[in-house]
Amino acid sequence: MAALGLAVYALTIGGNRPARSAPQRGSASVPVCRSGQLSGSVAFQGGTQTMLGGVTLRNTSDAACSLPPRRPLVTIRWRGKTVPTAERDMGAGPPWPPAHVLAPGVSASVFFQWWSCGGAGPKEAVRPTFVLRFGHGLVVVARSAGATPPSCGGLGARRTLDVSSPLTEP
C-alpha cells in the first residue's frame, strides 16, 4: 500500500518537474528501475580540451522506478571497441538535487567531462556510445547524436572521464 501511495505521489507532483522522494526504506520503496524502463540519449560539446555533456535517462515505462543512489560506471564505446578511460567522480557538476524516483516520462541526467583532447594517441571524429552500469544489474546504453571534433576523439591513449551521480533539474 505504501509503495502504491509513493507511486501516486510521484505521478502527481506536477508538470514536467522530476519526482523526488524521501530516502527509501524496506518494503515501502519504489522498485529499482530495470534496463527496459529507461531510454538514454547523449549530448555534449567540446571546449577547453574536453567533451562536456550528459546522458539523459528517461523513464519510458508506465510505472515509477528508483535509480540506485551511486553514480554509474561508464564505458565509452566506438565501433564495437571500448575507448580507454580512467573514470572518476565528477567533483563539481550542476548544483542540482540527486535523482531518486523517476515517474513515467520523467528524466534525470548523468553529467560527464571527457578529457578527450590533446596528448598522444590517434584522433578522429567519433560518435560514441555510452554504457552506464548502475547497481542491481541496471544497464543503460545511450548513443550520441553528435560527433566529437576530429582533434578530440580521445582514441588510443587512456583519457580521464569525470562522471556525476544522476541529478534532476530543480
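All heavy atoms count here, side chains included; hydrogens, waters and symmetry mates do not.
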Residues R58 and S107: side-chain donor-acceptor under 3.5 angstrom: yes

Taking S144 for the side chain and G146 for the main chain, is one N or O donor matched with an acceptor at less than 3.5 Å? yes

Please lay out, stage by stage, how L167 and S109 fare under the test side-chain contact (heavy atoms from CB on, under 4.5 Å). CA-CA 5 Å; L167 304 172; S109 295; 5.6 Å; no

Just by modelled atom types, is the H100 backbone N or O under 3.5 Å from a matching donor or acceptor in the S66 side chain? no

Would you give the length of the straight line joining atom CG of D162 to atom CH2 of W115, rounded to the nearest 0.5 angstrom? 6.5 Å

Between F44 and F130, how do the two ring planes meet: parallel, tilted or perpendicular, split at 30° and 60°? tilted

Report yes or no: does T50 contribute a side-chain atom to a donor-acceptor pair with the main-chain N or O of W114 at less than 3.5 Å? no

CG-CG distance between L138 and L67, expressed to the nearest 0.5 angstrom: 7.0 Å

Once rounded to the nearest 0.5 Å, what's the spacing between atom SG of C33 and atom CG of L57? 8.5 Å

If I take atom CZ from residue R71 and atom OG from residue S165, how far apart are they, to the nearest 0.5 angstrom? 7.5 Å

Does one side chain, of R77 or T82, offer a donor that lies under 3.5 Å from an acceptor on the other? yes

Between T129 and R143, is there a donor-acceptor pair closer than 3.5 Å when you use the side chain of the first and the backbone of the second? no

Kindly indicate, with the supporting measurements, whether the criterion side-chain contact (heavy atoms from CB on, under 4.5 Å) is fulfilled by L73 and E87. CA-CA 8 Å; L73 297 176; E87 186 178 336; 4.2 Å; yes

How far apart are the closest heavy atoms of V55 and A142, and which atoms are they? CG1-CB, 3.8 Å

So CG of L161 and OG1 of T75: to nearest 0.5 Å the spacing works out to 9.0 Å

